[in-house]
Amino acid sequence: MTIAAISTAKSPAGIGIVRLSGADSIAVAEKFFRSKSALSDPLNDRKLLYGHFVVEDEIIDEVLAVAFRGPYSYTGEDMVEIQAHGGSVGLERILSAFIDGGCEAAMRGEFTKIAFLNGKLDLTEAEAIVDMIEADSVSSQRQSARQLTGHLYRKIEDFRRRLKDTLAHLVADIDFSTEEVEPVDTSLLENTTEELLGEMKALLKTFKRGKMIQDGIATSIIGKPNVGKSSFLNAILREDKAIVTEIPGTTRDVLEASYSLDGIHLRMQDTAGIRETEDLVEKMGIERALKSMDTADLIIAIFDASRPLDVEDLKIIEGIRDKRVICLLNKQDLGSVVTVSDLEKYFPGAVLETSLIRQEGLKAVEDLIESWFLSGEVAADEVQIYSLRHKNLLSAAIESMEKGRDDLMAGIGLDLAEVYFEDAFIKLGEITGQTAGEEVLDHVFSKFCIGK
Ligand SMILES: Nc1nc2c(c(=O)[nH]1)N(C=O)[C@@H](CNc1ccc(C(=O)N[C@@H](CCC(=O)O)C(=O)O)cc1)CN2
Ligand SMILES: Nc1nc2c(ncn2[C@@H]2O[C@H](COP(=O)(O)OP(=O)(O)OP(=O)(O)O)[C@@H](O)[C@H]2O)c(=O)[nH]1
Ligand SMILES: [Mg+2]
């Protein structure tokens, strides 16, 4: 079967690409591509040829075409690309010609699925392609580019190789122990298992940060009414986004805005001021504020430094003590009665003074966020995970390893330990796709777009 799809966006664009993959790719493309030198000439393999795409004597477009003979192609099969002008109508006409010429319309992710099945890439690399396409910040694009080039794959493969070694020793010991009465010394196995477990746990730990880079940092701006929350949002966005008035209770609904700080994506939520109120609408707004606060990765808690902290401020502080919080003592221009040290006891190193009406103190806020979330840009050789699928499988592998290790240490059931280690091995293989069943593949590739 030969498949065909438009691989570029269906909107006005300089160039658009239609791709074919499968044994008939070159023959089908030849029916429509007219050029000085034939696409089917093996000497033209992977060479960009100039010509015209012609259907029933009508020139559809002036195009470039290239043939990749398998296995040296993206999918590993024979492939052809027609590089035409962008815009949907022309590309659709080229695609219909291929369908009429005997090709099947490709399904979501089908090119990449074929590439995976032909061993061109593993599952983590394939998944990284979708993430790369969807990346909305430099750091998330960088993270997927690293996974796309095999960083995670190599790490998991290393784990699998070591686990396989452990298994081999274990099996040897099991055989041995049936002949001997003496118990087998498993201390060496215990050591290597412990070491591997440590590395697996370290990788698991990178998930939180990796996911934050991938999805952005959910940032919730909270505080009593009128302290300057909306002023903060506007100041940091450098845009008059939220309504600011001197009336307490101005913001009712949650207002969302995105902000990119040196390549990291902050998803900011300005919320209603928190206080006791009888006003129904305001009450609902406050409920939303509390929810935003609960789900946030980062909280910007704002206080009016020109007035003493009151019970409501303290209630807010109580509610966020175990979270990642940056406190702003705002309205410094009015003179301050609350000091940094008053709040430092709750949030050490995280209290800053601002005068948002004068745009003062913003830089320090940005610097602190950067130092928390960007500190030591991931080292070039450090691998991190960001996908929930990988995290769940890695956790499951670790759990099995721990059970196996416990059995080893207890000196009981070497064969039980073997079963657990085998299970961990399979879980790791599901990450890279070596031991992934059809449902896993369907799930992964259904997230792709057509033509990828
Ligand atoms: N025009 C175009 N641009 C594109 C793609 C494409 O398919 N077409 N890609 C599609 O996603 C990405 C590039 N990825 C690719 C990955 C592998 C091969 C390939 O031909 N691999 C062969 C030969 C490798 C080599 O020459 O060393 C192979 O793996 O055997 C091509 C593109 C991004 N840009
Ligand atoms: N003097 C002074 N006034 C400020 C400062 N920051 C904000 N304000 C003023 O305080 C008032 C309330 O500001 P907002 O940004 O609307 O406060 P808020 O926290 O969003 O208030 P609600 O939406 O009602 O909860 C406005 O009149 C602002 O101009 C500041 O640093 N100094
Ligand atoms: Mg507001």
Side-chain angles (χ1 to χ4, degrees), residues 5-8 15-21 45-46 48 63-84 109 111-112 114-116 118-121 125-126 128-130 132-133 145 148-150 221-237 240-255 268-275 277 279 282 285-286 288-289 300-307 312-313 316 328-336 352-362 448-449 451-452:
I6 299 170
S7 286
T8 46
I15 292 166
I17 298 180
V18 181
R19 280 204 295 193
L20 302 178
S21 180
D45 188 58
R46 279 145 60 79
L48 209 50
V63 302
L64 294 171
V66 57
F68 302 84
R69 279 160 185 79
Y72 306 110
S73 72
Y74 178 69
T75 60
E77 303 177 329
D78 280 0
M79 288 186 77
V80 170
E81 272 185 17
I82 303 293
Q83 307 190 355
F111 289 95
T112 307
I114 296 170
F116 167 77
N118 282 332
K120 288 285 170 187
L121 30 68
E125 291 165 346
I129 293 175
V130 188
M132 154 103 59
I133 291 170
L148 175 60
T149 49
I221 307 167
I222 61 145
K224 282 195 314 182
N226 214 40
V227 294
K229 297 179 296 298
S230 301
S231 302
F232 175 75
L233 182 77
N234 290 350
I236 200 134
L237 293 177
D240 214 3
K241 178 103 183 171
I243 298 173
V244 168
T245 75
E246 66 289 341
I247 306 162
T250 297
T251 305
R252 294 294 178 101
D253 229 330
V254 172
L255 183 66
M268 312 264 266
Q269 296 197 322
D270 178 23
T271 65
I274 299 167
R275 66 171 165 188
T277 175
D279 183 312
E282 191 179 359
I286 292 170
R288 289 180 183 203
I300 307 285
I302 307 187
F303 301 91
D304 182 344
S306 68
R307 296 158 185 248
E312 300 206 295
D313 288 310
I316 291 175
L328 305 187
L329 292 177
N330 190 34
K331 307 200 183 182
Q332 290 291 325
D333 53 287
L334 297 180
S336 164
L352 299 168
E353 297 177 317
T354 58
S355 170
L356 293 169
I357 210 161
R358 296 183 179 167
Q359 315 271 326
E360 282 170 13
L362 272 177
F448 278 64
C449 42
K452 191 61 245 180

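For ligands, and for the atoms within them, numbers begin at 1 and follow the listed sequence. Heavy atoms only: backbone and side chains are in, while hydrogens, waters and symmetry mates are out.
The proximity of Ile17 to ligand 1, defined as any non-hydrogen pair under 4.0 Å, is limited to the side chain. Residue contacts with ligand 2, taken as heavy atom pairs separated by less than 4.0 Å, involve Thr245 solely via the backbone atoms N, CA, C and O. Here Asn330 has side-chain heavy atoms under 4.0 Å from ligand 2, and that is the only part of it that gets that close. Using a 4.0 Å cut-off between heavy atoms, Ile247 contacts ligand 2 through its backbone alone, with no side-chain atom that close. Of the heavy atoms in Pro71, only backbone atoms (N, CA, C, O) come closer than 4.0 Å to ligand 1.
Between atom 2 (C) of ligand 1 and the options Arg46, Gln83, Met132, Glu81, the minimum heavy-atom separation is to Glu81. Here atom 21 (N) of ligand 1 lies nearest to Ser73 when heavy atoms of Ser73, Ser7, Ser21, Gly451 are compared.
At least one N/O-N/O distance between Ser231 and ligand 2 falls below 3.5 Å. Geometrically, ligand 2 and Leu334 share no nitrogen or oxygen pair separated by less than 3.5 Å. Some N or O of Thr251 is nearer than 3.5 Å to an N or O of ligand 2, by distance alone. Residue Lys331 places at least one N or O, backbone or side chain, under 3.5 Å from an N or O of ligand 2. Backbone and side-chain nitrogen or oxygen atoms of Ala272 are examined, and none is located within less than 3.5 angstrom of a nitrogen or oxygen of ligand 2. Considering both main-chain and side-chain atoms, Asp270 never comes within under 3.5 Å of ligand 2 through any nitrogen or oxygen pair. Checked by distance only, ligand 2 and Gly273 come closer than 3.5 Å through their nitrogen or oxygen atoms. Ligand 2 has no N or O atom lying under 3.5 Å from any N or O atom of Thr271, backbone or side chain.
Closest heavy-atom contact between Ile316 and Gly223: CD1-C, 3.7 Å. The nearest pair of heavy atoms linking Lys120 to Tyr74 is CG-O, 3.5 Å.
Other residues, nucleotides and ligands contribute only 12 or fewer heavy atoms inside 6.0 Å of the CD1 atom of Ile243. For Ile15, the CD1 atom is loosely surrounded, since the number of other residues' heavy atoms within 6.0 Å does not exceed 12. Within a 6.0 Å sphere centred on CZ of Arg307, other residues, nucleotides and ligands contribute 12 heavy atoms or fewer.
At a cut-off of 2.8 Å, Thr251 coordinates the Mg ion (ligand 3) through an N, O or S atom. For Ser230, the nearest N, O or S atom to the Mg ion (ligand 3) falls under 2.8 Å.
Side-chain contact between Asp253 and Arg288 is present, with heavy atoms from C-beta onward closer than 4.5 Å. Two residues are said to be in side-chain contact when any heavy atoms from C-beta on lie closer than 4.5 Å; Lys452 and Arg19 meet this criterion. Two residues are said to be in side-chain contact when any heavy atoms from C-beta on lie closer than 4.5 Å; Ile274 and Lys229 fail this criterion. In this structure, Asn226 and Thr250 have side chains that are not in contact, with every pair of non-hydrogen atoms separated by 4.5 Å or more. Side-chain contact check for Glu77 versus Asn118: some heavy-atom pair is nearer than 4.5 Å. Side-chain contact between Leu148 and Met132: present, with at least one pair of heavy atoms (C-beta onward) separated by less than 4.5 Å. Within the 4.5 Å cutoff, no side-chain heavy atoms of Thr112 are placed close to those of Val130. Side-chain contact between Glu81 and Ser7: absent, with no pair of heavy atoms (C-beta onward) separated by less than 4.5 Å.
Protein heavy atom nearest atom 18 (P) of ligand 2, with residue, atom name and distance: Lys229 N, 3.4 Å. Distance from atom 7 (O) of ligand 1 to its nearest protein heavy atom, with residue and atom name: Arg19 NH1, 2.7 Å. Protein heavy atom in closest approach to atom 2 (C) of ligand 2: Asp333 OD2, 3.5 Å. Of all protein heavy atoms, the one closest to atom 16 (C) of ligand 1 is Tyr74 CD1, 3.6 Å. Among all non-hydrogen protein atoms, the one lying nearest atom 28 (C) of ligand 2 is Val244 CG1, 3.7 Å. Among protein heavy atoms, atom 31 (O) of ligand 2 sits closest to Leu356 N, 2.8 Å. For atom 17 (O) of ligand 2, the closest non-hydrogen atom of the protein is Gly228 N, 3.1 Å. Among protein heavy atoms, the minimum distance from atom 29 (O) of ligand 1 is reached at Lys120 NZ, 3.3 Å. Shortest contact from atom 10 (C) of ligand 1 to any protein heavy atom: Lys452 NZ, 3.5 Å. Scanning the protein for heavy atoms near atom 12 (C) of ligand 2, the closest one is Asn226 OD1, 2.9 Å. For atom 3 (N) of ligand 2, the nearest protein heavy atom (residue, atom name, distance) is Ile357 CD1, 3.6 Å.
Residue contacts with ligand 2 include Gly249, since one of its heavy atoms falls under 4.0 Å from the ligand.
At a distance under 4.0 Å, a protein heavy atom can be found next to atom 26 (O) of ligand 1.
Going from atom CG of Leu255 over to atom CE of Met268 covers 10.5 Å, rounded to the nearest 0.5 Å. The distance from atom CG of Asn234 to atom NZ of Lys241, rounded to the nearest 0.5 Å, is 9.5 Å.
The backbone N or O of Ile302 lies less than 3.5 Å from no partner atom in the side chain of Asn330, so there is not a single donor-acceptor pair.
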Is there a side chain to side chain contact (heavy atoms under 4.5 Å, CB included) between Asp313 and Lys224? Walk through the geometry before answering. CA-CA 7 Å; Asp313 288 310; Lys224 282 195 314 182; 3.2 Å; yes
Taking it one step at a time, do Ile286 and Thr271 satisfy side chain to side chain contact (heavy atoms under 4.5 Å, CB included)? CA-CA 8 Å; Ile286 292 170; Thr271 65; over 6 Å; no
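Taking a cut-off of under 4.0 Å to the non-hydrogen atoms of Pro248, the atoms of ligand 2 that pass are 24 (O).
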